[in-house]
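See below for the structure under consideration.
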Amino acid sequence: MVDVVGLRKTFPARGRHAPAVTAVDGVGFRVGRGELVGLLGPNGAGKTTTIKALCGLVRPDEGELHVCGIDVRRQRRQALRHLAAVLEGNRNLYWRLSVRENMEYFAGNRGVSRAQARGRIDTLLERFALGDKRNALVSDLSRGMQQKLALAVAALAQTEVLLLDEPTLGLDVETGYEVRSLLRELRDEGRTVIVSTHDMPVVQDLCERTVVIAHGRVLVDDRVDHLLRLFASRAYEVQLGAPLSPGQVQTLRRRLVSVTVFDDGLRVQVDLAQGDDLYVLIDVLRSGGTPIESIDRRVIDFETVFRRLVRGETAGPDGVLDLTPDAALDRTGHHAAVRA
Amino acid sequence: MLTVLEANVRKVVIELMRYLPNTISLIATFYIIFLAMFLGISVIGDPASADANLRFAIVGNAFWFLLLVGVSSMGWELTTEATRGTLEQLAMSPVGLRTIVLTRMLGTLAVHLVITVGMLLLTMLTAGQWLRFDLPLLAAVLAPTFVAVIGLGYMVAGLALVFKQISALLQILQFVFLGFAFVPLAMLPWLELAPVVKGVDMVRHALVDGATLAAFGPRDWVSLLLNAAVYLLLGLLAFTVAERRATARGLLGQY
C-alpha cells in the first residue's frame, strides 16, 4: 500500500554560513493495507520529511515512493487521489470558516461537490462528536475539537491511505483518548494509517508496528508487541529484606548491564541481559546474606523502549537485538518485500 | 474544475462576509472614488469632452484596480495560506495547486468586479448622470487582456511560493500597472509588448474616440491575443518552475 525505498533528501544551505541538512538518508519501509504504523524518532530525525515526501510536498533527491502502487514522484496527482494527510493539526483549517464550511471547501478542492459530500459530512460530524458545532467558526472551537475536525477533513477524502503528523499534540488526556479511538476506527475501516508522533501511548495503544527513524535512517522496523516483550523480559525489580552494602552495589554495577538502587538499597532494578545474569544477582545477594522478599518482572512502557532504542541499546535476553533492517525481516515480513 | 471553482468562489464570498468591516471599507472607497471622479470631471473639465473623459477615467481606474487584484491575488493568497498553515493542504489536492490558485483568483476577480460595477451604478444614480458603455466591445477586449493578467498572477504566485514575502514587490507593481493603465500607446509604442497595455489602449480608443468593434483591424486583435497567450504561457512556466523549486527546497507550507 505504501512503499518507501532508499529515500534520501538533503536540503540545500539557507544562507552563506548555514550548512546543507541531510534530513533522510536511505529511509525505507513498507506499510500494508489496513495497517496502523507509528513513525517515531527524535526531533529532526526525518519523520516529517518522509511524510511530506509521500505527500509530494518535498521532492526527494533519491529513492522510490509508492502509494497504492502509484509512483509519487512521477504521478503525484494520481497518488494524491489515494492519500490524505493532517500535517499541522488545527493549523490545517480555515479559522474564519465554520466546521461545515471547512469540510465542504476541502471536499470541493478534491472535486467533490457539496451535494455529493453532504451525507458523508453529516455522518463524520456525528462520528467525530462535532454535530452540534457544525455551524460554529473554527476559531471558536477548543484545540481538541479543531484537531478532531482536521482528522474529519482528512477522513472525508475517503482515501485508502492516511498520513498523520502529531495528531494528538497538545491535546488534554480525554481528547487524546477520543482521537486515539477515532484513529482505531479509521484503521478498522481498513485504511492504512501512518502516524508520526512523540506520543508513546498512542504507539503502544494503537500501532501494530513501528518504524523508528534516527539521524535520517531507519533504526528499527518491528512489531510494537515484539519490542515490548524484548525489552520487558530482561527488566526485573528485586525487593530486599535488608539494604545492599556498598560493595554489593559496586559488584552488581560491574557485572550487570544496568543496575539502579532505590530506597536506601532496599529495592534494586536490574536488566538481566545475559543468560547467567540472574545467577550473578543471586550470588551477590547471597554473598552478603541479603534476603530477597520478591522478584517482579518490570512492566515496561513503549516510551522506555523508544528511549533505549534511540540510545542505541541493542542487547536482549534472548541474544542480541539486531536492529539492522535485515534482522527485522523475519519478524515483520516487510523489509523483504521492500528490498525485493 | 467547476466544483473546484464553485468551492473557491464560495470561500471568497464567505470570507468577505466574515471580514465585514474590511469589505464595507472597500465598498465605501469605491463609491467615494467614483463619486469624486463624477463630480471632479463634471465641474473642472471641458464640458464638451467631459463624458468621454469621465468614461475613460472610470474604466481606467476600475481596470487598474482589477488588474492589481488579478495580479496580486494569487501571490497574496499563497502567502496568506502559508502563514495560516493551509498551503500544504491545498498543495495536496489532486487537482493541483495551479488550478486552485486560478479558481481563487477568478473568484476574487468576480467578486471585485461585482462590487466595482455595483458601486459605479450607485454612483451614477447618486450623481444623476448616466454613462453609456459599449459592453460587447469592452468584453471582447478585456477578456483576452485578463488572460494576460492570469499569466502575470501566476508569475507573482510563483515568486510567493519560493520567497513568501512579496508585499514590497506588489507595492512596486501598483505603480507599474498605473503606467500600463494610463499611458497611451501612441506615446510609447514599444509598450505594446508589455502585458495588458494593448487591451487598455483599445479600450481607450473605444471610450474616448468612440471607436467600435469594426474600427479595430486584424493586427490589433492578433497583437491582443498573442500578448495574452504569451504572458499566460510565461506565467504557467514560471509557476511550474517555482513549484518544483519549492518542493525541492521544502518550501511548500513554510513561511
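Residue numbers start from 1 in every chain, and the chains themselves are labelled A, B, ... in the order their sequence lines are given, proteins ahead of strands. The basis for the numbers below is simple: all heavy atoms, side chains too, and nothing from hydrogens, waters or symmetry mates.
The neighbour count for A:R8 CZ, taken as heavy atoms of other residues, nucleotides or ligands under 6.0 Å away, is above 12. Shown here is B:M1, whose CE atom has more than 12 heavy atoms of other residues, nucleotides or ligands within 6.0 Å. Other residues, nucleotides and ligands place no more than 12 heavy atoms under 6.0 Å from the CZ atom of A:R33. Under a cut-off of 6.0 angstrom, the local environment of CZ in B:R245 is sparse, with at most 12 non-hydrogen atoms contributed by other residues, nucleotides or ligands.
For a residue to count as touching a neighbouring chain, one of its non-hydrogen atoms must lie under 4.5 Å from one of that chain's; by this rule B:R84 touches chain A with backbone and side chain alike. Heavy atoms of A:L93 lying under 4.5 Å from chain B belong exclusively to its backbone. In this structure, the portion of A:F11 lying under 4.5 Å from any heavy atom of chain B is its side chain and not its backbone.
Between the side chain of A:R59 and the backbone N or O of B:T247 there is no donor-acceptor pair closer than 3.5 Å.
Scanning residues 90-107 of chain B against chain A with a 4.5 Å non-hydrogen threshold yields B:L90, B:A91, B:M92, B:S93, B:P94, B:V95, B:G96, B:R98, B:I100, B:R104, sorted by number. Within residues 72-85 of chain A, the residues approaching chain B closer than 4.5 Å by heavy atoms are, in numerical order, A:R76, A:R77, A:L80, A:R81, A:A85.
Annotation: side chain of A:E101 is not in contact with side chain of B:E15 (no heavy-atom distance under 4.5 Å). A heavy-atom distance below 4.5 Å is found between the side chains of A:R114 and B:R10.
With chain A as the partner, the residue from B:E6, B:R244, B:E243 showing the most heavy-atom pairs under 4.5 Å is B:R244. Contacts with chain B were tallied for A:V153, A:N92, A:V58; A:N92 has the most, counting heavy-atom pairs under 4.5 Å.
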Please determine whether salt bridge (charged side-chain N to carboxylate O under 4.0 Å, His left out) holds for the pair A:E104 and B:K11, giving the CA-CA distance in whole Å, both sets of side-chain angles, and the decisive distance to 0.1 Å. CA-CA 10 Å; A:E104 287 172 347; B:K11 179 181 173 293; over 6 Å; no
Exercise. Start with the C-alpha distance between A:Q116 and B:T3, add both sets of side-chain angles, then the distance that settles side-chain contact (heavy atoms from CB on, under 4.5 Å), and finish with yes or no.
Key: CA-CA 11 Å; A:Q116 287 170 315; B:T3 309; 5.6 Å; no
The test is side-chain contact (heavy atoms from CB on, under 4.5 Å); show your working for B:N8 and A:N109 and say whether it passes. CA-CA 8 Å; B:N8 280 283; A:N109 270 346; 3.1 Å; yes
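Judged purely by distance below 3.5 Å, without hydrogens or angles, the side chains of B:E81 and A:Y94 pair a donor atom with an acceptor atom.
Here OG of A:S113 is found 11.0 Å from CG of B:L2. Values are rounded to the nearest 0.5 Å. The distance from the CD atom of B:Q89 to the CZ atom of A:R91 is 11.5 Å, given to the nearest 0.5 Å. The line from CG of A:L97 to CD1 of B:I14 is 5.0 Å long, rounded to the nearest 0.5 Å. In this structure, OG1 in B:T86 is found 9.5 Å from CG in A:N102, a value given to the nearest 0.5 Å.
In plain terms, the two heavy atoms of A:G108 and B:A7 that are nearest each other are CA-CB, 3.8 Å.
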